[in-house]
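The structure appears right after this line, and notes come after that.
Predicted model only: the values in this text are computed from it and were never measured.
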Amino acid sequence: MLSDCKLPCSCASAQQLLWGMSMKRWILLLFGLVQVCALPLSAQQPVTPSESLRVEQVVYDVVRHNDRVTAMRYMEKAAEAKAKSVGAWDDPMLMVGVANLPTSFDFKMDPMTMKMLGLSQSIPYAGQKGLQRKAAQADATAVTQDRLSAELELATAAKLAFYDLYFSLRAIDLLMKQIEVMQDVVASVKSRVATSQTNPEDAAAAQADLWRLQTQLMPVAHEAESAQYDLNTLRGLPTSKPVPAPQTPTFAELPENAEALVVAAREHYPPLRKLTEQASSYAFSAAAARRMLWPMLSLSGNYSFRESTDMEKRDNMVGFQATISLPIFSRQQQRAMARSMDLMKQSVNAEEVQLAREIETKVKSLYLDALHLTENLRMYRERIIPADEDAYRNAFSGYTNNRTTLATLLNYALTLFRDRLAANQIEYEFARTLAEIERYTTDPTQLAGDQTESNNQTKDK
């Protein structure tokens, strides 16, 4: 569907003149466009597929080379590193000391003097450490969803910039074709003036219409230049780097209904999945806070060295101790913390439900827009534009045979041009609508997974 639209071959060279132009060369650009389209077809070089830029390549470049995505990857790695550090047991404590030492600090005065070496360890038997680790892992996954969301947003922006460039060039091609039409009209009027079949005022009026068309080239060419800058910026390339001519995009068939799109959006849309991970994090944090209500257990042991004498052999001594905390004063604090985490989880769950509802509404609305645009585009291509072309050809033939007025001929020519521009605008809106739908339904993990390094363009910074 809609994949058969091609750039007119007669203006392919006109597209190539746009690349790398600065604002100081707009005037030369306009005259060059007119001259190129006036050349015979044999003198023009068509754009080969190897020289063209595909929208898939643009998305790949953005995901791989945009520094905003790079920054999000660093944030993702930082969150993963932090998650690995959470939930570890407390370090054991080594104790070194002396027991029963007289105030004279004479180690041999009292036989009860002992040099002691001990070790203590807190035992998180309640399981709060594991729950804290799971909460941190859920937070890290939420950061991953932020990175995927950034990639998806930039990929959508890249698609829109690509369509801006492609359809701006299409508009220039249509202007070139209309200029050719008006050149034929002007030539016909001048020939009739030469044979005294019409007034010189008609030639001036036709020439003025031709000039008015030429003045429309500059703003459209400016749009193409701006789209080129946007593409380079998104792809992490220098702004003025020449961009290959965009290849005609192809669009997938719309499904029979929007339900499949809604299901894909609920499964893949990163902001929605981020809320799910945040809810899990709050749930684990609440459970960990409740486990902190349990008594904390610490085990310790020590080994004491005693000096033997000639009269008495003294054995070394060992000791063991278990310390159990009594969560009396911290109990209210931990309960309040758990309650707070539960409320935050409920808040995120409510936000997730509302976001899912909004996504469903948005996707269904975009789906209806795409359907309407498809029908309108088909109407223009199959009925309106062919009828306009027939009307113009008949009017031109009638004018050359003195059966139609110049005003009627110009009206038919202008109507044909307007309808062609309208069809181009409708297809442009359709492409943007599909890009917006894909913003919700695309699996962000597959954005650049189908591209190979051989297709990757060299990053020139």
Side-chain angles (χ1 to χ4, degrees), residues 5-39 41 43-70 154-176 216-250 424 428 431-432 435 447-448 451-461:
C5 56
K6 303 292 183 180
L7 289 172
C9 293
S10 60
C11 295
S13 296
Q15 301 165 23
Q16 296 177 340
L17 292 177
L18 290 172
W19 314 127
M21 292 295 182
S22 63
M23 293 301 295
K24 296 180 180 179
R25 301 178 62 187
W26 282 118
I27 302 300
L28 295 177
L29 170 65
L30 299 180
F31 284 106
L33 289 172
V34 175
Q35 293 174 0
V36 168
C37 286
L39 294 175
L41 295 179
Q44 302 182 25
Q45 298 295 328
V47 178
T48 60
S50 61
E51 299 172 346
S52 61
L53 179 66
R54 298 183 299 116
V55 65
E56 295 82 5
Q57 182 65 48
V58 170
V59 171
Y60 176 83
D61 291 342
V62 167
V63 173
R64 293 297 183 188
H65 304 312
N66 190 282
D67 288 330
R68 185 174 299 173
V69 175
T70 302
L154 288 172
T156 302
K159 291 178 183 178
L160 296 179
F162 179 90
Y163 295 143
D164 288 344
L165 178 59
Y166 175 79
F167 287 101
S168 294
L169 294 178
R170 278 269 297 271
I172 291 176
D173 290 332
L174 293 175
L175 276 170
M176 293 294 100
Q216 298 181 30
L217 284 170
M218 181 175 290
V220 181
H222 176 72
E223 292 178 2
E225 188 79 2
S226 297
Q228 172 186 331
Y229 293 160
D230 291 341
L231 271 180
N232 282 338
T233 300
L234 290 169
R235 296 166 66 200
L237 299 174
T239 303
S240 58
K241 182 178 178 63
V243 177
Q247 183 177 338
T248 301
T250 58
N424 186 63
Y428 170 64
R432 291 181 64 90
L447 279 177
Q451 295 290 321
T452 60
E453 288 299 323
S454 61
N455 293 330
N456 186 21
Q457 295 181 347
T458 302
K459 184 179 181 182
D460 184 10
K461 284 192 174 182

F162 to L53 - nearest heavy-atom pair and separation = CE1-O, 3.2 Å
Does a side-chain heavy-atom distance below 4.5 Å link L234 with L154?
-> yes
Closest contact, heavy atoms only, I172 versus A221 = CD1-CA, 3.9 Å
So, for V62 and A155, which heavy atoms are closest and what is the spacing to 0.1 Å?
-> CG1-N, 4.2 Å
Exam field: side chain N232 to backbone L237, donor-acceptor pair closer than 3.5 Å = no
Here the gap from K241 atom NZ to T233 atom OG1, rounded to the nearest 0.5 Å, amounts to 13.5 Å
Determine, stepwise, if the pair Q247 / R54 fulfils side chain to side chain contact (heavy atoms under 4.5 Å, CB included).
-> CA-CA 5 Å; Q247 183 177 338; R54 298 183 299 116; 2.8 Å; yes
How long is the span from the OG1 atom in T239 to the CG atom in D230, to the nearest 0.5 Å?
-> 9.5 Å
Between CG of L160 and CG of L165, what distance do you get to the nearest 0.5 Å?
-> 12.5 Å
Least distance between heavy atoms, V220 atom then S168 atom | CG1-O, 3.4 Å
Under the side chain to side chain contact (heavy atoms under 4.5 Å, CB included) rule, what do K159 and V59 come out as? Steps first, then yes or no, please.
-> CA-CA 7 Å; K159 291 178 183 178; V59 171; 3.9 Å; yes
Any side-chain donor paired with an acceptor under 3.5 Å for Y60 and E56?
-> no
Go through the structure and list residues passing side chain to side chain contact (heavy atoms under 4.5 Å, CB included) with N424, not counting sequence neighbours.
-> F167, R170, A171, L174
Nearest heavy atoms of R235 and V243, plus distance in Å | NH1-CG1, 4.3 Å
Qualifying residues under side chain to side chain donor-acceptor pair (under 3.5 Å), relative to Y163, sequence neighbours excluded = none
State the CG-CG distance between D164 and L169, to the nearest 0.5 angstrom.
-> 11.0 Å
